[in-house]
There are 4 protein chains.
Amino acid sequence: MAHVLGQNQYGKAETRLVRITRGGTRHEVKDLSVSVALSGDLDDVHLSGSNANCLPTDTAKNTCYAFAKQYGIGSAEEYGIRLARHFVDDVEPIHRARIRIEEYFWDRIRTPGAQGRFIGSEEVGHSFVRRGSEVRTAEVVWDGSALQVVSGLHGLVVMNSTDSEFWGYIKDRYTTLQEAYDRVLATEVTARWRHSFTGAPGQPEPDWDACWAEVRRHLLEAFAETYSYSLQQTLHAMGIRVLDHVPGVDEIRLQLPNKHHFVVDMAPYGLKNENEVFFAADRPYGLIEGTVHREGTVPVIPVD
Amino acid sequence: MAHVLGQNQYGKAETRLVRITRGGTRHEVKDLSVSVALSGDLDDVHLSGSNANCLPTDTAKNTCYAFAKQYGIGSAEEYGIRLARHFVDDVEPIHRARIRIEEYFWDRIRTPGAQGRFIGSEEVGHSFVRRGSEVRTAEVVWDGSALQVVSGLHGLVVMNSTDSEFWGYIKDRYTTLQEAYDRVLATEVTARWRHSFTGAPGQPEPDWDACWAEVRRHLLEAFAETYSYSLQQTLHAMGIRVLDHVPGVDEIRLQLPNKHHFVVDMAPYGLKNENEVFFAADRPYGLIEGTVHREGTVPVIPVD
Amino acid sequence: MAHVLGQNQYGKAETRLVRITRGGTRHEVKDLSVSVALSGDLDDVHLSGSNANCLPTDTAKNTCYAFAKQYGIGSAEEYGIRLARHFVDDVEPIHRARIRIEEYFWDRIRTPGAQGRFIGSEEVGHSFVRRGSEVRTAEVVWDGSALQVVSGLHGLVVMNSTDSEFWGYIKDRYTTLQEAYDRVLATEVTARWRHSFTGAPGQPEPDWDACWAEVRRHLLEAFAETYSYSLQQTLHAMGIRVLDHVPGVDEIRLQLPNKHHFVVDMAPYGLKNENEVFFAADRPYGLIEGTVHREGTVPVIPVD
Amino acid sequence: MAHVLGQNQYGKAETRLVRITRGGTRHEVKDLSVSVALSGDLDDVHLSGSNANCLPTDTAKNTCYAFAKQYGIGSAEEYGIRLARHFVDDVEPIHRARIRIEEYFWDRIRTPGAQGRFIGSEEVGHSFVRRGSEVRTAEVVWDGSALQVVSGLHGLVVMNSTDSEFWGYIKDRYTTLQEAYDRVLATEVTARWRHSFTGAPGQPEPDWDACWAEVRRHLLEAFAETYSYSLQQTLHAMGIRVLDHVPGVDEIRLQLPNKHHFVVDMAPYGLKNENEVFFAADRPYGLIEGTVHREGTVPVIPVD
């Protein structure tokens with residue numbers, strides 16, 4: 001039986017790039033990991049060993065660095081759009097480019113000396129401390145006709161120490177879980193949201209940084225303020241909060257591992273543990289995933 | 001604007017399960033990590049806080065353990081099929097179940113004493129050593145009408161120290177890569193292949209273990225025996241080798257990071273490094289991905 | 001030749017413990033990983049298979065949980081001291097206990113609603129977000145006669161985008177490094193500092209939390225304010241800054257990986273990279289380690 | 001109060017080096033991660049910012065590569081000894097060098113074609129597959145007068161599915177563990193052993209590779225063949241087995257995490273789990289550590 005080469009893509013993954021902008025006494029830092037995936041007229045590369053249509057992944061990497069110099073990095077999305085357009089528009093055999101970016105955050109170190117001072121309302125200095133494990137993500141796809149921009153975050157670990165219940169569920173032969181009327185609810189948020197912006201003529205480009213900060217804020221607030229009967233319900237509340245408040249977002253997908261905190265049974269040692277001391281388990285964990293989107297739009301963020 | 005709950009799924013992830021079968025002097029071990037994802041009539045769980053249709057993830061975990069006891073684990077695929085069918089067929093609101101399994105390998109420890117001895121042609125004993133980082137994977141989806149079974153592996157790290165070239169590629173302003181006429185080619189294989197088996201009446205069930213071993217062998221052989229002009233070409237050769245030799249497989253998708261080995265420039269210290277000493281880089285790396293499938297079949301393994 | 005059982009220790013490692021204190025509308029969270037190592041009269045356990053002198057590691061784990069309930073967790077050090085004293089003072093065959101603790105930080109989520117509100121000067125609420133990858137550490141050793149308390153941190157990633165040079169070093173046949181008069185200096189601080197406090201009668205117990213915060217502040221400030229000619233010099237400046245400002249600390253050891261940021265050479269694509277765009281490398285990295293201690297004290301923090 | 005610079009060391013860590021030896025149709029591969037730590041007359045580097053005595057870590061890295069070319073890598077120990085001697089003997093301010101090496105194993109891929117064939121008794125070919133997660137380690141220290149060589153391994157995961165008991169231990173208020181008369185015993189071996197060889201004149205240099213293989217074999221056999229009443233007892237049996245059979249080893253230190261396999265309680269679902277199905281837990285885990293050494297020798301492998 002004959003066989004067919006199906007979907008294929010290639011590129012350079014995890015190019016680690018730090019861009020420093022030096023404006024007198026105030027330095028700025030952008031810290032990214034950039035992954036490029038290209039598709040196009042690449043059958044020969046696979047079949048005949050001819051690389052005539054192959055832009056080396058090494059060149060993709062160099063281009064990431066060069067564009068950071070030539071155009072700066074206004075935001076991850078803006079930088080990703082420029083890269084995606086370049087590979088498709090300027091490299092003939094490439095018909096589709098997907099740029100994935102992780103951004104790591106740095107805060108200024110504030111010291112009584114020259115660092116982290118304010119001059120007027122602006123903080124100056126050249127010393128930074130990494131904010132932590134939270135990562136901003138951006139994914140841009142350009143196929144020559146429409147942009148698709150999905151922003152996101154992961155590594156955002158949150159916990160409610162009360163206002164969470166879980167009961168009234170299906171019981172079968174294998175059920176041993178006790179119903180809970182006051183439990184800890186903890187998760188590590190992975191979120192991706194798609195912008196309605198497609199780069200069509202006349203469409204205004206979002207303020208990517210402001211939009212990202214707004215979505216993050218709504219996710220945190222919805223998590224904190226939802227009295228929860230299940231992590232599914234919390235997920236849904238987080239999703240609709242974003243859609244209700246951020247007009248440019250058409251779709252959001254959340255992945256929420258249920259990081260179990262089990263109440264330690266202290267009866268054997270004659271103590272009563274009233275929801276005070278918990279065993280924080282690693283594995284297994286519940287995993288709750290879902291998409292919320294605007295009516296009339298077609299969700300496109302892939303399901304894992 | 002109104003919003004809609006789109007695709008959603010939930011379950012218990014990474015249930016770590018070890019099953020020991022004790023047959024007199026010969027013990028067998030199966031070591032799995034099982035992840036369950038369920039979908040169905042779950043809108044109320046998200047919207048109203050009612051859990052009446054929710055099978056707790058804790059019960060999903062218990063079921064994994066119970067089925068290992070009740071039915072044993074013939075192979076990851078067989079065990080996954082039984083679990084998937086149970087959740088859909090026996091739990092009314094669940095309409096689709098996806099079971100993902102990682103399997104870790106153990107070899108017998110051979111000692112001059114009682115362990116790892118042979119009795120006739122059969123090795124006996126109860127002592128084992130883990131084989132390494134390679135992982136066998138299986139994914140089963142059951143929606144009540146057809147099974148979809150995707151077997152796979154990851155963590156298989158391979159290297160050719162010669163018989164690899166890369167030249168004749170596109171050059172543009174950002175190109176700095178030198179053409180290579182003899183380079184090291186190393187990658188860590190992630191492969192997934194879909195079986196034509198769907199559980200239809202009369203369809204014979206594959207011998208999952210034998211099939212897995214055969215696919216793995218062909219992947220290794222194709223990697224080793226292909227004189228390579230690009231990792232894309234090697235990927236394609238690996239894919240078609242499997243389709244040509246394993247009739248029950250309709251589609252295979254490979255993800256091959258190009259683990260770069262750079263020749264260290266020793267001219268500054270007056271030495272000539274003739275493809276002998278390499279810097280093995282972590283990041284960035286090339287990432288080559290592609291699907292090969294039989295003509296007339298529709299590929300369904302998702303693209304990352 | 002005869003052999004001897006030398007140093008040995010055992011215990012439960014990485015007990016994950018979350019303690020929630022509920023004071024009306026204000027909840028507090030302590031999130032720890034606790035590792036216990038016990039030594040003593042344990043030869044028989046190793047030699048004869050008798051466990052008569054063995055306190056099971058499972059009991060060590062239970063004790064960690066029980067003490068969190070019975071006594072709370074004022075600070076990691078205080079909690080560790082109580083545990084260490086218990087194992088040695090209350091379990092006859094145990095003569096030495098070492099408690100290692102990692103503490104993970106949580107901040108309150110501030111929302112316009114009920115969460116993270118202020119009542120007077122006190123912030124209330126029960127919703128938290130993990131601060132990031134930085135970890136506070138504490139190690140307590142009790143041998144029945146004197147306490148040894150070593151506080152610390154790791155995962156604190158910092159960067160100076162200027163005010164760092166490196167030149168004037170040894171050149172030999174293998175040298176290729178160019179001298180640098182303006183470079184990025186980045187590291188991930190691992191620090192451990194030993195307190196003069198030994199629990200002797202009349203000795204006041206430090207305010208562990210205040211002391212930890214003070215040391216951390218001085219480490220950050222010294223890193224930011226030191227004009228650096230080598231990471232060794234920065235390390236030394238950080239160490240003496242702590243000793244100069246925090247009287248109860250007798251010794252500090254720092255491990256500072258030099259997280260290299262290489263200036264990308266853009267000459268091949270006709271661009272001039274003036275210390276703007278960097279490749280952030282993973283491996284290899286420089287590793288600078290050193291102890292600074294008060295004159296007249298004997299350093300005891302182990303060298304890796 | 002005055003302060004003192006105590007122990008300090010610096011160097012390049014985790015230099016990833018692959019050495020390929022091409023002998024006609026038979027290629028050999030050595031795959032190492034090399035970490036160098038240097039000490040000496042380095043006070044000025046820390047105190048004054050003068051780097052006159054500083055050999056850059058970049059040069060240490062280059063030297064690792066150059067020596068692999070100039071002298072090959074007979075074994076990790078041999079290569080480490082040569083590097084350590086060089087830094088101390090050839091670089092005036094350096095008085096002590098510690099070289100740590102991790103070695104990763106590759107097996108030949110055997111195919112029916114040209115790869116992995118035998119020519120006479122020798123297997124030929126240039127295609128390799130990584131053996132797995134087990135790592136060989138070597139640490140060499142040279143201070144100008146005596147060598148100290150510690151070989152080792154980590155990542156060796158082993159399991160006995162029976163022949164392990166644990167009972168007769170101390171019971172106190174916090175004890176809940178049930179005594180076990182047939183349990184799974186699993187661990188991930190980290191072992192380091194010190195050779196009596198110090199490089200003194202007339203002392204024969206061990207056959208490092210043969211010695212390493214012999215120690216590994218005895219560790220596995222002792223683990224498999226010991227009927228165990230505690231992991232401590234197994235640790236001791238492993239240690240003395242090595243000392244009894246490998247004359248050139250004076251001391252061995254083992255770190256054995258007790259990777260708990262808990263019998264799943266199936267009584268609630270009406271099943272009897274007779275030591276068949278286990279939950280393999282991640283954390284917490286027991287951690288058993290100990291040294292065994294020859295009578296009359298002073299153990300020097302550091303205690304964690």
Side-chain angles (χ1 to χ4, degrees), chain A residues 15-22 27 29 31 62 65-66 68-70 106 109-116 125-134 155-163 184 186 188 220-221 223-225 261 264 266 268-269 271-282, chain C residues 15-22 27 29 31 62 65-66 68-70 106 109-116 125-134 155-163 184 186 188 220-221 223-225 261 264 266 268-269 271-282:
Chain A
T15 293
R16 291 282 293 108
L17 182 159
V18 171
R19 173 72 157 92
I20 292 173
T21 311
R22 298 150 176 264
H27 288 200
V29 59
D31 185 357
N62 288 351
Y65 285 122
K69 161 69 191 171
Q70 290 178 273
W106 295 82
I109 300 176
R110 289 178 185 154
T111 77
Q115 291 295 313
H126 58 258
S127 295
F128 304 90
V129 54
R130 246 195 80 167
R131 194 179 300 162
S133 49
E134 190 184 338
L156 178 66
V157 182
V158 291
M159 176 199 291
N160 286 328
S161 56
T162 187
D163 286 2
V184 167
E188 180 169 345
L220 276 183
E221 288 183 13
F223 176 81
E225 293 175 358
H261 285 67
V264 178
M266 299 196 173
Y269 14 111
L271 297 171
K272 198 169 170 194
N273 182 7
E274 297 177 286
N275 256 351
E276 293 158 290
V277 181
F278 299 84
F279 163 51
D282 295 312
Chain C
T15 294
R16 292 282 292 106
L17 182 159
V18 170
R19 174 71 157 94
I20 292 173
T21 310
R22 299 151 175 265
H27 288 201
V29 59
D31 185 356
N62 288 349
Y65 285 122
K69 160 69 189 170
Q70 290 178 274
W106 295 81
I109 299 176
R110 287 178 187 155
T111 76
Q115 290 293 315
H126 58 259
S127 295
F128 304 90
V129 56
R130 248 195 80 167
R131 195 178 301 162
S133 50
E134 189 183 338
L156 178 66
V157 182
V158 290
M159 176 199 289
N160 285 328
S161 55
T162 187
D163 286 2
V184 167
E188 178 167 347
L220 276 183
E221 289 183 12
F223 176 81
E225 294 175 358
H261 285 66
V264 178
M266 300 194 172
Y269 14 112
L271 297 171
K272 197 167 170 196
N273 182 8
E274 298 176 286
N275 256 351
E276 293 158 292
V277 181
F278 299 85
F279 162 51
D282 295 311

Check: C:Arg22 side chain, A:Thr162 main-chain N or O, donor-acceptor pair, under 3.5 Å: no

Side chain / backbone / both / neither for A:Asp31 at chain C, heavy atoms under 4.5 Å: neither

Part of A:Leu271 within contact of chain C (heavy atom distance under 4.5 Å): side chain

Contacting moiety of A:Val29, where chain C heavy atoms sit under 4.5 Å: side chain

Side chain, backbone, both or neither of A:Glu221 within contact of chain C (heavy atoms, under 4.5 Å): both

Contact class of A:Arg131 relative to chain C, heavy atoms under 4.5 angstrom: backbone

Residue A:Glu188 versus chain C: region with a heavy atom under 4.5 Å: neither

Top contributor to chain A contacts, counting heavy-atom pairs under 4.5 Å, from C:Pro268, C:Gly132, C:Ala281, C:Gly155: C:Gly132

Per-residue contact mode, A:Met159 against chain C (heavy atom under 4.5 angstrom): both

Contact leader toward chain C among A:Asn62, A:Leu17, A:Thr15, where contacts are heavy-atom pairs under 4.5 Å: A:Asn62

Under 4.5 Å from a heavy atom of chain C, the part of A:Val264 involved: side chain

Spatial distance of atom OH (A:Tyr269) from atom CD (C:Gln70) [nearest 0.5 Å]: 9.5 Å

From OG (A:Ser127) to CG (C:Asp163), nearest 0.5 Å: 7.5 Å

Test item: C:Ile20 and A:Asn275 side chains (from C-beta on) under 4.5 Å apart, heavy atoms: no

Which of C:Glu134, C:Glu274, C:Arg16, C:His261 touches chain A most, by non-hydrogen pairs under 4.5 Å: C:Arg16

Heavy-atom check, side chain of C:Ile109 versus side chain of A:Val158, under 4.5 Å: yes

Side-chain donor-acceptor contact under 3.5 Å, A:His27 with C:Ser161: yes

